[in-house]
Amino acid sequence: MDGYKRITEPPRLVLRNEKTEASLQTLRARQIGAHAMSLSTLFRRVGLKDLVSNVTIYSGASEVSGGLSLIFRRWATKKTAGSTKNGRDSRPKNLGVKKFGGEKVIPGNIIVRQRGTRFHPGDYVGMGKDHTLFALKEGHVRFERHQLSGRKWVHVDPIEGHVLHPIYTNAGLKADAESQMC
């Protein structure tokens, strides 16, 4: 290799020929190591035109007849490991009907846990901010489906001895009449 040196200083790309060697000597004189010189510094010092004009095309990697010698050396900085896109799960939400039709409930019992209003609150049934339906009075659960709209309602029929609220007095009479018809 006529006047060209192969340098293996990892992990930088090192470009050397006779013109760059002279600029490297001046850098060494200024106490700057050859390994600290980047490509941009090299191109500024020597000039891209001088570097490219001396390059000749060669057939193999081992055969370099002149021009610019390029050596790449790179090591892995971290061992590769497989990654996974799975491996996480959310807590179960435990949605659904908790007390079915005819079951006895006390005030505060959760009747239905749901997302949205799949079931609507009826007589003596309250609704929480997450649409959970709960009993307001002691009694028995009754599910009802509206004939026209198809909407599902959940009611609590209070047990005997409870004083009915004035709002629900008519509803209690209708429910009794319906249950006697069936």
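Source: prediction; values computed, not measured.
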Flag the pair E138 / P158 as yes when at least one side-chain heavy-atom distance between them is below 4.5 Å, and no otherwise. no
Would you give the length of the straight line joining atom CZ of F100 to atom CD1 of I111, rounded to the nearest 0.5 angstrom? 12.0 Å
Under 4.5 Å between side-chain heavy atoms, hopping through other hydrophobics if needed: is there a path connecting V97 to L133? yes
Do the side-chain N and O atoms of R151 and H146 include a donor-acceptor pair separated by under 3.5 angstrom? no
Could you report the tightest heavy-atom contact between V125 and V154, atom names first, then the distance? CG2-O, 3.3 Å
V105 and A135 have their tightest heavy-atom pair at CG2-CB, 3.7 Å
Close side-chain approach of M127 and T117, heavy atoms under 4.5 Å: yes
K98 NZ to Q114 CD distance, which is reported to the nearest 0.5 Å: 11.5 Å
Heavy-atom distance under 4.5 Å between the side chains of N109 and K99, does that happen here? yes
Could you tell me the separation between the CD1 atom of I106 and the NZ atom of K137, rounded to the nearest 0.5 Å? 14.0 Å
Polar side chain donor-acceptor pair, H155 to E144, under 3.5 angstrom: yes
For F119, the ring-ring contact (aromatic ring centres under 6.0 Å, His included) test, sequence neighbours excluded, returns F143
I'd like to check V156 versus D123 (side-chain heavy atoms, cut-off strictly below 4.5 Å). Are they in contact? no
Restricting to pairs with a member in residues 110-122, which pass salt bridge (Lys or Arg N to Asp or Glu O under 4.0 Å), not counting sequence neighbours? R113-D130
